[in-house]
Amino acid sequence: MLDQDQILSSLNAEQAAAVSAPANQHMLVLAGAGSGKTRVLVHRLAWLVEHDGISPYQLLSVTFTNKAAKEMRNRLETAFGMPTTGMWIGTFHGLAHRLLRMHWEAAGLKENFQVMDADDQHRLIRRIMKEHNIDESRYAPKSTQYYINEKKDALKRAHAIEPMGRKESVMHQIYTEYEAYCQKNGMVDFAELLMRVIECWQRSPELLAHYRERFTHICVDEFQDTNEAQYTWLKCLFGGDNTFMVVGDDDQSIYGWRGAKIENLMRYQQEFSPVNVIRLQQNYRSTQTILSAANAVIERNTGRMGKSLWSDRGEGEPLAVYNAFNEIDEAHFVVASIQAHIERGRQANEFAILYRSNAQSRVMEEALMMSGTAYRVYGGMRFFERQEIKNTLAYCRLLMTPEDDTAFERIVNTPARGIGERTVQIIRETAQIEHLSMWESAKRLIQSQTLTGRAQNALMRFIELMTTCQVLIDDQPLAEQVETIIHQSGLWSMYQQDKGEKAQAKRDNLSELVNAAQSFKQSPEDDEIAPMMSFLSHAVMEAGEVQADVHTPAVQLMTLHSAKGLEFPVVFIVGLEERLFPTFNAMDDPDKLEEERRLCYVGLTRAMEKCYLCHAESRQQFGKTSLMRPSRFIREIPQEMKRAVRMQSTIRRPALRH
DNA sequence: TCTATGGTGATTTTT
DNA sequence: TCACCATAGA
């Protein structure tokens with residue numbers, strides 16, 4: 001264990017002030033980009049334990065991503081040798097899930113409730129719409145999904161909503177049905193996790209009192225990203241005696257469109273008053289020029305809490321602005337510049353190409369591919385979201401919870417076994433009329449004479465298959481269960497029949513799933529639950545990036561959104577054009593425009609040494625060529641911080657199409 | 001049940 | 001343009 005002086009020794013004055021503030025004082029740490037906020041958070045927790053004699057058992061630390069939660073736990077253990085077993089560190093959703101597993105009864109859930117991901121939710125909504133004969137082309141399931149999540153994030157149940165107009169009435173009706181269906185079948189979506197816990201606490205004050213007393217110190221990361229539900233969740237835990245430290249940056253709030261409320265920062269200041277506000281403005285990442293440019297852009301926003309980053313890393317170079325002829329020319333410029341840097345000794349992994357929308361990656365990829373530069377695109381399909389993985393997990397789910405109709409529908413005919421749409425429809429209808437699960441009605445149907453002989457046979461074989469599986473996996477360890485299911489279900493042979501790299505990749509992923517099950521460690525609090533149930537929840541909540549060959553250095557391609565929290569020596573921000581970035585939708589909405597500006601600020605502050613800004617005069621969009629005007633964000637950077645540049649390579653490729 | 005074809009519509013996505 | 005669907009026909 002380190003002593004108190006050592007905890008403070010590596011910090012600057014503001015960081016030290018935040019870390020060593022009195023233990024009973026609420027704090028708001030406004031942490032600029034690259035100002036060491038995780039450092040402050042971790043050191044604060046260590047300080048509370050060391051200096052104030054707080055037990056880790058009394059600490060609660062909330063983050064948004066699993067990655068951030070993992071990093072925090074790691075750093076506490078490695079830097080301070082702090083035992084974190086009794087400490088609650090996790091994401092809002094992860095912690096809520098844990099609470100619901102412990103208090104499922106008080107929360108009015110089934111013991112074996114299942115967590116749905118966005119895809120499951122989408123399928124379920126579509127199914128409900130079909131059942132009610134709602135025309136999908138007139139009412140997009142996606143908008144209904146969005147509607148439901150928006151309401152849930154704002155803690156609004158269907159019965160508490162007065163729908164306005166025809167369209168909302170339809171969506172509201174689906175919401176009502178959806179709610180009832182989830183309750184009946186023990187399905188819980190992401191928003192529900194938080195909402196349930198809040199309702200449960202509000203209903204059982206003794207339960208809430210227990211957690212209020214237990215968690216004397218609560219830390220929250222990325223507070224600017226909290227939505228209504230998350231704020232209320234935290235507010236519930238505030239009992240008057242415990243102390244909060246929230247860390248955030250109003251200038252980096254870029255998830256307003258997902259319900260994040262930047263106002264929560266101000267609200268926190270009022271509702272937890274008095275709050276000690278500390279600003280971390282020294283940046284340890286970028287050159288002063290890059291920071292001045294970022295400051296100049298973000299200063300245009302109104303209603304900021306006020307902050308200005310500075311650095312002692314020297315002036316550095318001006319930002320390079322490239323005016324491309326079109327998006328292909330832009331990509332060639334980026335690649336040529338990267339190669340010029342590499343020739344001067346940089347590694348491929350020191351570069352990031354950031355764009356507003358994923359569609360922009362394609363042209364970049366083509367140019368990188370042609371030049372033979374290694375690259376990696378972030379934000380693709382995640383491991384547990386892949387089709388073959390979800391199919392396998394659906395078998396697992398159906399075996400664990402036969403009432404899981406979503407799982408049933410997904411795999412009843414995957415691989416194809418002669419149970420067509422007509423048969424499924426009959427099962428669905430029977431289930432609806434008899435108030436049964438699809439699995440139950442399928443079992444009944446094979447006893448009756450409702451189906452044609454062929455369909456009845458196929459269905460019978462499916463039910464036998466599942467029953468056999470159930471017996472086989474009964475006392476197997478988790479990984480073997482998964483393996484049994486992959487083979488018994490016929491999924492393995494299905495992907496074996498398909499030739500080509502795609503099928504091979506799918507088989508590899510299935511093997512990887514067995515490995516994931518093998519190395520899955522059930523958390524000790526979950527020991528009451530079947531390992532498979534924990535594993536399924538884990539799969540939903542930690543969908544996991546695909547970490548393909550992280551060892552070869554590669555240029556990183558990602559959206560500006562997914563770059564938040566990362567840093568790179570050299571950053572290219574591409575497509576800086578009006579109606580692309582800022583996006584067309586933000587053009588006549590001042591609030592959206594400010595969010596775009598914050599996104600630009602996030603992008604600029606990713607760069608450590610060198611930042612390139614690119615825009616094209618014309619760009620192919622949706623099959624049409626449009627003329628583009630340079631983004632206002634380029635103009636908002638003072639002239640003396642920028643320099644116009646040309647193609648860096650001697651082998652200039654023709655930029656014209658065809 | 002599989003495959004071909006045509007219509008549609010198109011940011012950002014921590015859980 | 002292109003990817004994702006839903007539907008029609010084999």
Side-chain angles (χ1 to χ4, degrees), chain A residues 62-70 90-97 115-122 126 130 135-137 140-143 145-146 149 152-153 188-194 221-222 224-227 229-230 252-260 327 354-363 378-382 384-385 413-423 454-455 458 537-545 558-566 575 579-587 592 595-596 598-600 602-603 619-626 657:
Chain A
V62 193
T63 61
F64 271 84
T65 64
N66 292 302
K67 197 174 152 200
K70 249 178 232 151
T91 64
F92 279 102
H93 294 88
L95 296 167
H97 176 247
V115 185
M116 268 190 292
D117 69 6
D119 182 58
D120 300 330
Q121 191 185 31
H122 187 239
R126 284 186 63 180
K130 266 210 185 96
D135 184 7
E136 266 192 31
S137 53
K142 272 260 150 47
S143 359
Q145 186 179 12
Y146 188 82
N149 288 334
K152 286 192 161 197
D153 283 341
V188 171
D189 61 38
F190 287 134
E192 185 75 28
L193 290 167
L194 291 162
D221 194 10
E222 304 278 20
Q224 77 284 350
D225 289 338
T226 51
N227 62 26
Q230 287 153 344
Q252 289 190 76
S253 163
I254 55 174
Y255 287 106
W257 51 277
R258 281 202 69 199
E327 76 278 13
L354 308 182
Y355 34 77
R356 179 64 241 261
S357 75
N358 283 309
Q360 288 169 261
S361 77
R362 218 192 72 238
V363 187
Y378 283 76
M381 190 61 88
R382 293 144 171 255
F384 285 107
E385 285 170 358
N413 200 35
T414 310
R417 49 171 75 87
I419 302 168
E421 186 45 41
R422 182 73 199 121
T423 312
R454 194 143 47 119
S537 301
H538 165 85
V540 175
M541 309 232 290
E542 286 188 53
E545 269 317 308
M558 66 188 84
T559 62
L560 287 144
H561 281 92
S562 32
K564 196 171 97 169
L566 305 176
R579 314 188 79 80
L580 180 60
F581 185 30
T583 179
F584 62 95
N585 247 333
M587 297 315 276
K592 284 186 181 167
E595 184 154 307
E596 295 290 302
R598 292 193 291 269
L599 191 55
C600 181
V602 167
R619 179 177 297 274
Q620 285 253 27
Q621 270 178 315
F622 313 135
K624 282 198 292 280
T625 305
S626 343
R657 235 176 290 281

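What you see is a predicted model, and the numbers here were worked out from it, not measured in a lab. Side chains included, hydrogens not; waters and symmetry mates left out as well; all remaining heavy atoms used. All chains are named by letter (A, B, ...) in the order of the sequence lines, taking the proteins before the strands, and each is independently numbered beginning at 1.
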Query - C1' atoms of B:dT14 and C:dA3, separation to the nearest Å - result: 26 Å
Query - Protein-nucleotide distance (A:Tyr255, atom OH; B:dT13, atom P), rounded to Å - result: 6 Å
Query raised in the report: Listed by chain and number, what are the side-chain hydrogen bond (donor to acceptor under 3.5 Å, both in side chains) partners of A:Asn149, not counting sequence neighbours?
Result: A:Gln121
Query - With A:Arg362 via salt bridge (Lys or Arg N to Asp or Glu O under 4.0 Å) - residues at least two apart - result: A:Glu366
Query - All side-chain hydrogen bond (donor to acceptor under 3.5 Å, both in side chains) counterparts of A:Glu385, not counting sequence neighbours - result: none
**Report entry** Partners meeting side-chain hydrogen bond (donor to acceptor under 3.5 Å, both in side chains) with A:Arg579 (sequence neighbours left out)
**Finding:** none
Query raised in the report: Should A:Thr559 be listed as having a side-chain N or O under 4.0 Å from OP1 or OP2 of B:dT13?
Result: yes
Query raised in the report: Separation of A:Gln620 atom CD from C:dT1 atom P, in whole Å?
Result: 7 Å
**Report entry** Between C1' of B:dT12 and CG of A:Leu599, the distance in whole Å
**Finding:** 7 Å
Requested in this report: Go through the steps to decide whether A:Arg382 and A:Asp117 satisfy the test salt bridge (Lys or Arg N to Asp or Glu O under 4.0 Å), and finish with yes or no.
Outcome: CA-CA 12 Å; A:Arg382 293 144 171 255; A:Asp117 69 6; over 6 Å; no
Query - side-chain contact (heavy atoms from CB on, under 4.5 Å) partners for A:Ala69, two or more places apart - result: A:Thr63, A:Ile89
Requested in this report: Please identify each residue that fulfils side-chain hydrogen bond (donor to acceptor under 3.5 Å, both in side chains) with A:Thr226, with sequence neighbours left out.
Outcome: A:Asn264
Query raised in the report: Which letters describe nucleotides 2-10 of chain C, given B = protein heavy atom under 4.0 Å from base, S = only from sugar-phosphate, - = neither?
Result: S---S----
Query raised in the report: In whole Å, what is the span from the CG atom of A:Leu95 to the P atom of B:dT14?
Result: 18 Å
Report task. Considering just the side-chain nitrogens and oxygens of A:Asn66, establish if one lies under 4.0 Å of OP1 or OP2 belonging to B:dT14. Result -> no
Requested in this report: Using a 4.0 Å cut-off on protein heavy atoms (strictly under), produce a 5'-to-3' string for nucleotides 1-11 of chain B with B for base contact, S for backbone-only sugar-phosphate contact, and - for none.
Outcome: SS-------BB
Query raised in the report: Which residues pass the salt bridge (Lys or Arg N to Asp or Glu O under 4.0 Å) test with A:Lys67, sequence neighbours left out?
Result: none
Report summary line: Taken to the nearest whole Å, CD/A:Gln252 to C1'/B:dT12 is 16 Å
Query raised in the report: Rounded to the nearest Å, what distance is computed from the CG atom of residue A:Leu560 to the C1' atom of nucleotide B:dT12?
Result: 9 Å
Query raised in the report: Which part of the nucleic acid, if any, lies within reach of A:Ser562 when heavy atoms closer than 4.0 Å are counted: base, sugar-phosphate only, or nothing?
Result: sugar-phosphate
Query raised in the report: Which whole number of Å gives the distance between the C1' atom of C:dC5 and that of B:dT12?
Result: 23 Å
Requested in this report: Say whether, by atom type as modelled, one donor and one acceptor occur between the side chain of A:Arg598 and the main chain of A:Ile254 under 3.5 angstrom.
Outcome: no
Report summary line: note: A:Phe64, atom CZ; B:dT15, atom P; distance rounded to Å ~ 11 Å
Query raised in the report: Whole Å only: how far is the CD atom of A:Gln121 from the P atom of B:dT13?
Result: 18 Å
